[in-house]
Amino acid sequence: FLFPLYLSTYHLIGVGGVQLLQIAMNVVSLWLVFIALEITTRRLWLAIVGSTLLAVTPSFTFLAFYALTETVSLLIIALFAMLMVLHFRYNRSYYLPIAVGLLSLLVCIRPIVLPFWIIVTVCYLFIWRRNQKVPSWQAALMVSPVFCQLLFSFLMTGSPAVASVGSVAFESWFFPAVYQAQEYGQFEGRKSPQALEGLRRFPEFSDKVIYMMQNLRATAKTYLSLLSGEHLTAGSNFVKTGTGTDNERGTLLSATLRWSVRLNQTFLCLHVIALVGVLVLMVSGNSLLIGPISLLLYLFTLFLILPAGLAYMQGDRYILLAEPLWLIAHGALLARLLDTVFKPVRAIPVFVSSR
């Protein structure tokens, strides 16, 4: 319910007003990432590099001109990350409940956040709240947006669900790709005759699940191909180049599109390097280098990125949401690694002869 409510503000401030509001949201998101990185890493240059990488991501800017959920979701995600950084840094009692409340609001905009919300809420209700003696009304208030969403859904559709987007992506998008890869060796589109044939042969949700379990290799290959090619290494779908690229504007937009592709490919290399680094540290027994804030943000990142492999033709808009999270997590990991490698050397006592 929250995103339609947000979009209704254009009746008051107009389309241009909403676009300006979303640009302002981007500025706040950049500031939050900068401050979170500076607090976590204690290095100004890392904060500058991290916030600059987010600022030069084309979809981050261009999406502000569209009536989509990404801009407001990015602001909430950056706020959540900032509050969790403050929670782990200063251990104040009021940061975590506010973070849970923000995550509840985010579920009402991006239902894909629901699994991560469940994990954080369970930890909040049954672990942290018990130790902090938080009143019940406060805990109920923090999770109330999700239950409001369930109530609205029940009143309107008769089914208390956060959204049906997940099942639609699985049945109408991912399954046709798997079916065509298995039966025909190539993907012709989710509305092609081959895709419609698969939907006729396996009309029920359970039928589709059984078919993909029987063809796990094709399922895994299709998923990894979509996740990598359609998302992690894809460019921005919101850099509109038009048909003519011989003029100055078209050339600039084409260059921006190529930049978005190269940037996402570079980001993927950074993820691989960070993953290898984490594995090496854990195998070598230095897992303490991976702080709790990094683990939490990496977990949130996975919950945002992994479902993207069920869809395609979206460019980098789905993985963009995770960028503030992994920027802070990668920065924290790099800072702790630098602190370990370049730790101050103890002064060696020098004994001077009495002569």
Side-chain angles (χ1 to χ4, degrees), residues 1-4 68-69 73 103-104 106-123 125 143 145-232 234 299-315 317-319 321-322:
F1 74 93
L2 192 56
F3 188 62
L68 294 170
T69 61
S73 297
L103 207 59
S104 299
L106 186 59
V107 172
C108 300
I109 297 176
R110 303 283 298 202
I112 198 66
V113 181
L114 182 63
F116 182 73
W117 175 83
I118 292 174
I119 294 175
V120 173
T121 302
V122 167
C123 294
L125 293 178
V143 299
V146 175
F147 291 99
C148 289
Q149 176 64 52
L150 295 175
L151 176 61
F152 294 154
S153 177
F154 176 76
L155 294 176
M156 296 177 66
T157 67
S159 175
V162 176
S164 60
V165 176
S167 60
V168 171
F170 180 83
E171 294 190 70
S172 301
W173 288 74
F174 185 61
F175 174 76
V178 174
Y179 179 82
Q180 292 178 72
Q182 176 64 30
E183 304 295 335
Y184 295 95
Q186 60 182 357
F187 180 56
E188 299 292 342
R190 68 185 188 93
K191 294 184 179 181
S192 64
Q194 297 90 331
L196 297 178
E197 173 192 298
L199 295 175
R200 285 194 303 267
R201 287 184 59 188
F202 304 96
E204 300 297 329
F205 180 84
S206 58
D207 298 333
K208 296 179 177 66
V209 173
I210 293 173
Y211 176 84
M212 285 191 284
M213 291 181 64
Q214 292 173 346
N215 300 279
L216 284 177
R217 183 175 181 180
T219 302
K221 185 177 179 180
T222 302
Y223 172 80
L224 293 175
S225 175
L226 292 176
L227 181 62
S228 175
E230 293 285 336
H231 299 281
L232 293 174
L299 181 64
F300 197 0
T301 297
L302 289 176
F303 275 104
L304 288 175
I305 290 181
L306 292 181
L310 300 179
Y312 34 88
M313 300 173 62
Q314 302 299 314
R317 59 177 289 209
Y318 289 163
I319 63 169
L321 292 177

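Taking the six-membered ring for Trp and thresholds of 30 and 60 degrees, F205 and F170 have ring planes inclined between 30 and 60 degrees apart. The aromatic rings of F175 and Y211 sit perpendicular, their planes meeting at an angle over 60°, well past the 30° parallel limit.
Between L226 and F174 there is a side-chain heavy-atom pair separated by less than 4.5 Å. Contact annotation: the side chain of V143 approaches that of W117 to within less than 4.5 Å [non-hydrogen atoms, C-beta and beyond]. The side-chain heavy atoms of K208 and E171, taken from C-beta on, include a pair separated by under 4.5 Å. The closest side-chain heavy-atom distance from V107 to Q149 is not below 4.5 Å. Between P203 and D207, some side-chain heavy-atom pair lies under the 4.5 Å cut-off.
Here the side chain of S225 pairs no donor or acceptor atom with the backbone of K221 at under 3.5 angstrom. At least one donor-acceptor pair under 3.5 Å links the side chain of T219 to the backbone N or O of M212. A donor-acceptor distance shorter than 3.5 angstrom exists from the side chain of Q180 to the backbone of G189, with no hydrogens or angles considered.
No more than 12 heavy atoms of other residues, nucleotides or ligands sit less than 6.0 Å from atom CZ of F154.
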Could you go through residues 299-312 and list every donor-acceptor pair under 3.5 Å that involves a side-chain atom there, pairing it with any protein atom two or more places apart or in another chain?
from	atom 1	to	atom 2	distance (Å)
T301	OG1	L297	O	2.8
Y312	OH	W173	O	2.6

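Between I319 and H231 the shortest heavy-atom distance is CD1-O, 3.1 Å.
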